[in-house]
Amino acid sequence: MKKEKVGPEMKMYEPSEMALLMRQMYEFNKLTKAQIINRERLSAFPEEFVKIHNAIMTDPDERDSEFDSLAVQFVKFQKATYSTKSDSTAYYFNQSVNSCIACHQTRCTGPIPKIKKLIIN
């Protein structure tokens, strides 16, 4: 009787808590961009975005002072987007998107082209 070789067990990819949060932030900001362009009333600031400060990352070593600083900027600009006068909404929204891009330029560069599509011209 011949034994079959059994390879290493294949594991299904499971995104980290941070990866899931960032996907959620992207989708929400895609809707927010459309609301700003269409001059619609914005929904409330999504408080779950504050989880960026402690969500478990794919690579925990990437949480450093630079990440923390950019995360603070992101949340600050996001909150300003939802609390400012309508003539400044696009400015603060773009600042929050730019903080995402700045962070991704030093870490996970793959999503940058997708994130750049959020910029309001």
Side-chain angles (χ1 to χ4, degrees):
M1 185 182 254
K2 194 173 184 181
K3 284 189 175 184
E4 284 187 41
K5 278 188 172 179
V6 178
E9 184 180 331
M10 292 184 63
K11 292 185 179 183
M12 187 74 143
Y13 168 74
E14 289 191 39
S16 69
E17 187 179 13
M18 183 65 78
L20 291 171
L21 176 63
M22 288 187 175
R23 288 177 190 154
Q24 178 186 4
M25 291 188 296
Y26 174 80
E27 291 301 324
F28 193 89
N29 278 303
K30 206 161 76 169
L31 296 173
T32 301
K33 176 184 178 178
Q35 289 173 323
I36 293 169
I37 290 170
N38 295 324
R39 299 188 184 276
E40 297 171 8
R41 187 167 188 256
L42 299 183
S43 46
F45 168 74
E47 288 296 330
E48 61 268 16
F49 285 11
V50 177
K51 292 180 183 175
I52 194 170
H53 298 300
N54 55 20
I56 297 168
M57 299 179 88
T58 304
D59 179 358
D61 291 337
E62 289 188 346
R63 185 179 302 278
D64 57 15
S65 60
E66 181 180 30
F67 175 87
D68 290 339
S69 172
L70 290 167
V72 166
Q73 277 189 325
F74 169 76
V75 171
K76 178 181 87 173
F77 289 132
Q78 280 281 295
K79 285 183 176 183
T81 300
Y82 295 92
S83 63
T84 193
K85 294 180 181 177
S86 61
D87 60 341
S88 300
T89 305
Y91 169 79
Y92 286 114
F93 178 82
N94 283 341
Q95 291 301 311
S96 70
V97 173
N98 285 329
S99 66
C100 294
I101 293 167
C103 189
H104 278 275
Q105 286 174 332
T106 65
R107 296 152 212 289
C108 177
T109 58
I112 291 175
K114 186 176 176 180
I115 297 168
K116 283 183 175 181
K117 291 178 183 176
L118 292 173
I119 296 288
I120 297 172
N121 295 321

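Starting from 1, each residue takes its place in the sequence as its number.
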Give the cluster check for [X] versus [Y]: same hydrophobic cluster or not, with ILVMFWY residues linked at side-chain heavy-atom distances below 4.5 Å.
X: F45; Y: Y92; value: no
X: Y26; Y: I37; value: yes
X: L42; Y: V50; value: yes
X: I101; Y: L21; value: yes
X: L70; Y: V75; value: no

For T109 versus H104, what's the shortest heavy-atom pair and its separation? CG2-O, 3.3 Å
How far apart are the closest heavy atoms of R63 and H53, and which atoms are they? NH1-O, 3.0 Å
Stepwise side chain to side chain contact (heavy atoms under 4.5 Å, CB included) test for F93 and K33: CA-CA 8 Å; F93 178 82; K33 176 184 178 178; 3.9 Å; yes
Is P15 close to R23 at the side-chain level, that is, under 4.5 Å between some pair of heavy atoms? yes
Would you please test Q73 and N98 for side-chain hydrogen bond (donor to acceptor under 3.5 Å, both in side chains) and show each step? CA-CA 10 Å; Q73 277 189 325; N98 285 329; over 6 Å; no
Applying ring pair (Phe, Tyr, Trp, His ring centres under 6.0 Å), can you list everything that pairs with F28, at least two apart in sequence or on another chain? F49
Is it the case that over 12 heavy atoms from other parts of the model lie below 6.0 angstrom from the CD atom of E27? yes
Can you tell me how far apart [atom1] ([X]) and [atom2] ([Y]) are? Round to the nearest 0.5 Å.
X: Q95; Y: C100; atom1: CD; atom2: SG; answer: 11.5 Å
X: I36; Y: L31; atom1: CD1; atom2: CG; answer: 11.0 Å
X: K76; Y: S96; atom1: NZ; atom2: OG; answer: 11.5 Å
X: T32; Y: M25; atom1: OG1; atom2: CE; answer: 12.0 Å
X: Q78; Y: E47; atom1: CD; atom2: CD; answer: 11.5 Å

Give a yes or no answer on whether the side chain of S16 reaches the backbone of A19 with a donor-acceptor pair at less than 3.5 Å. yes
Can you tell me if T84 uses its side chain to pair, donor with acceptor, with the backbone of T81 under 3.5 Å? no
Would R107 and D64 count as a side chain to side chain contact (heavy atoms under 4.5 Å, CB included) if you check the C-alpha gap in whole Å, the side-chain angles of each, and the deciding distance to 0.1 Å? CA-CA 11 Å; R107 296 152 212 289; D64 57 15; 2.9 Å; yes
Indicate every side-chain donor-acceptor pair of residues 112-121 with a distance under 3.5 Å to a residue at least two apart or in another chain.
none

Could you check M18 against M22 for side chain to side chain contact (heavy atoms under 4.5 Å, CB included), going step by step and ending with a plain yes or no? CA-CA 6 Å; M18 183 65 78; M22 288 187 175; 3.8 Å; yes
